[in-house]
Every structure is written in structure tokens, then in C-alpha cells.
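The next block holds one structure in the form of C-alpha cells; read it before the comments.
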Amino acid sequence: MNSIMAQGPAILIGYDYRVRLEADVAVFAEGASFIAQVRLKPSSPDVAAVLSSTTGEIERVSDTSIDLHIPATSTNGMAPGSVVLDVVRDDLNPPLHLGFSLKIPVQLPVTRGLS
């Protein structure tokens, strides 16, 4: 299992969310493509958001770091609590799970309904 370091705020419902993930080993190869599904819990059948390097929600920074972006259109449908996600390298056959998952708190902001 890879060690991933992430520091970032909770997801605020209705707002863009961004966080940088840093690994202790090179897992984010140049030219690779990545995908992640955000769910309420791993066993949940519903996907709250799909993040992809193809559409820009996952951006490779270096061999050891990526930036994740969950757009406000996706966080708007979340409920207070938490969500989970993992990242898969999808340019390989078969796709390669990178061996980590994240649990991110989700909070209802005081200031909301602006859009």
C-alpha cells in the first residue's frame, strides 16, 4: 500500500473543492491517465462524482503528486458527513488501482445558495 499525504479542508457543499495529494513513491507517471469515483462509502452503488485526468479534475503535478478538483456542480449534491475516493490508473490494461483511498469530510457551509 502506498503512503499518501494530503492536507486540505473539508468539502463545502456547493463550492469547488481542491486538494493536492503527495506520495512517498513515484506513482503518477508522466503521460498516464487517472480516474476516481467519489462515493458516500465504498459499498455505495451511487457515484457522487467522477474525476478524470482526461476532463481535468485530476491533474498530474509530478511523479509523486496530483491535484484533485471536485467542481461545485458535484459537491452541490452531497450531504453533510463524508465521502470516499480512490485513484485508478486507467491507461493500462488492466487498469491499475494505486493502492490508497481517501475519506474526506463534507460540511454544509453557512454562506450558500449564491449561484
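Applying the side-chain hydrogen bond (donor to acceptor under 3.5 Å, both in side chains) definition to pairs two or more places apart or across chains, those involving residues 30-46 are S33-D90, Q37-R39. Judged as a ring pair (Phe, Tyr, Trp, His ring centres under 6.0 Å), not a single pair has a partner in residues 41-94 (not counting sequence neighbours). Applying the side-chain hydrogen bond (donor to acceptor under 3.5 Å, both in side chains) test to residues at least two apart or on different chains, the pairs with a partner in residues 79-89 are D86-H97, R89-D91. Note on residues 93-102: no pairs pass salt bridge (charged side-chain N to carboxylate O under 4.0 Å, His left out), not counting sequence neighbours. Under the ring pair (Phe, Tyr, Trp, His ring centres under 6.0 Å) criterion, the residue pairs touching residues 33-59 are F28-F34, with sequence neighbours excluded.
Placement of V19 and I66 within a single hydrophobic cluster is found when ILVMFWY residues are connected by side-chain heavy-atom separations under 4.5 Å, directly or transitively. Side-chain heavy atoms closer than 4.5 Å link hydrophobic residues (I, L, V, M, F, W, Y) into clusters, and following such links, possibly through other members, connects L102 to V87. One hydrophobic cluster, built from ILVMFWY side chains closer than 4.5 Å, holds both V88 and V47.
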* Can L68 and Y17 be said to form a side-chain contact (heavy atoms from CB on, under 4.5 Å), step by step? -> CA-CA 8 Å; L68 299 180; Y17 179 79; 5.9 Å; no
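Under the rule for a side chain to side chain donor-acceptor pair (under 3.5 Å), S74 has no partner lying at least two apart in sequence or in another chain. In terms of the side chain to side chain contact (heavy atoms under 4.5 Å, CB included) criterion, residue partners of T54 (sequence neighbours excluded) are, by chain and number, S52. Under the side chain to side chain contact (heavy atoms under 4.5 Å, CB included) criterion, P80 pairs with I13, L108, not counting sequence neighbours. Residues satisfying the side chain to side chain contact (heavy atoms under 4.5 Å, CB included) test with L12, not counting sequence neighbours, are Y15, Q107, P109. In this view, D63 and R60 satisfy the salt bridge (charged side-chain N to carboxylate O under 4.0 Å, His left out) rule, not counting sequence neighbours. Judged as a side chain to side chain contact (heavy atoms under 4.5 Å, CB included), and not counting sequence neighbours, the contacts of T73 are P71.
Counting side-chain heavy-atom gaps under 4.5 Å among Ile, Leu, Val, Met, Phe, Trp and Tyr, V110 is found in no cluster with other residues.
Separating the CG atom in L21 from the CG atom in L85 is a distance of 7.5 Å, to the nearest 0.5 Å. Taking CD1 of I58 as the start and CD1 of I70 as the end, the distance is 10.0 Å to the nearest 0.5 Å. The distance from atom CG of L51 to atom CD1 of I35, rounded to the nearest 0.5 Å, is 8.5 Å. To the nearest 0.5 Å, atoms CZ (R18) and CG (D16) are separated by 5.5 Å.
Two residues are said to be in side-chain contact when any heavy atoms from C-beta on lie closer than 4.5 Å; V83 and L40 meet this criterion.
Remark: the backbone N or O of G14 is paired with a side-chain donor or acceptor of T75 at under 3.5 angstrom.
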